[in-house]
Asker: 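If you scroll down you'll find the structure; I have some questions about it.
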Amino acid sequence: MERIKRTAVVIIGDLSLLTSLYLAYFIVWRTLHVRFRERRARLKTLKLINGSGASIRSEALITVGADEKRSEEVVGKRGFRHR
């Protein structure tokens, strides 16, 4: 009988630990999810404009490829700088 009580106490302790860990995981997940949602909403409302007032979102996408090409020319294909 005493052995069954000790086993029950150990099982209850393990379940308590497992419950605490899952609760902590859920709290962290919920916090990160809310922050991600808020950040995504802020970025959707952000509108980039240049000096003339035109939207530059499409221009920004074009210049990304140009920057990558330029960095490849500077560093070289093998990753070493040419002098």
Side-chain angles (χ1 to χ4, degrees):
M1 191 64 157
E2 185 67 31
R3 186 173 181 192
I4 295 174
K5 285 183 181 180
R6 282 187 281 153
T7 304
V9 168
V10 170
I11 290 174
I12 291 172
D14 289 346
L15 290 175
S16 174
L17 176 65
L18 187 64
T19 304
S20 298
L21 290 175
Y22 274 120
L23 180 62
Y25 173 81
F26 175 72
I27 291 170
V28 170
W29 175 84
R30 185 183 60 187
T31 303
L32 292 176
H33 186 70
V34 166
R35 287 184 184 175
F36 177 75
R37 245 187 314 162
E38 290 172 351
R39 181 179 182 273
R40 187 173 55 209
R42 276 194 313 271
L43 289 176
K44 280 184 178 181
T45 61
L46 182 67
K47 184 175 183 180
L48 301 175
I49 57 171
N50 60 14
S52 65
S55 177
I56 60 171
R57 184 170 294 275
S58 60
E59 292 176 17
L61 294 175
I62 293 170
T63 58
V64 169
D67 291 342
E68 290 173 357
K69 185 183 287 186
R70 176 70 183 132
S71 66
E72 187 176 291
E73 290 172 3
V74 171
V75 176
K77 298 210 184 265
R78 287 184 275 168
F80 299 107
R81 255 182 215 272
H82 298 289
R83 292 188 183 220

Asker: If hydrophobic residues (ILVMFWY) are linked whenever their side-chain heavy atoms come closer than 4.5 Å, directly or via other members, who joins Ile4 in its cluster?
Answerer: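 Answer for Ile4: none, a lone residue.
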Asker: Measure the spacing between OG1 of Thr7 and CD of Glu2 and express it to the nearest 0.5 Å.
Answerer: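 Answer for the OG1-CD pair, Thr7 versus Glu2, is 10.0 Å.
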Asker: Give every donor-acceptor pair under 3.5 Å between a side-chain atom in residues 8-35 and any protein atom, sequence neighbours left out.
Answerer:
unit_1 : atom_1 : unit_2 : atom_2 : d
Thr19  : OG1    : Leu15  : O      : 2.7
Ser20  : OG     : Ser16  : O      : 3.0
Thr31  : OG1    : Ile27  : O      : 2.8

Asker: In the hydrophobic clustering that connects Ile, Leu, Val, Met, Phe, Trp and Tyr at side-chain heavy-atom distances below 4.5 Å, which members other than Phe36 occupy its cluster, ordered by chain and number?
Answerer: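 Traced through the cluster, Phe36 reaches no other member.
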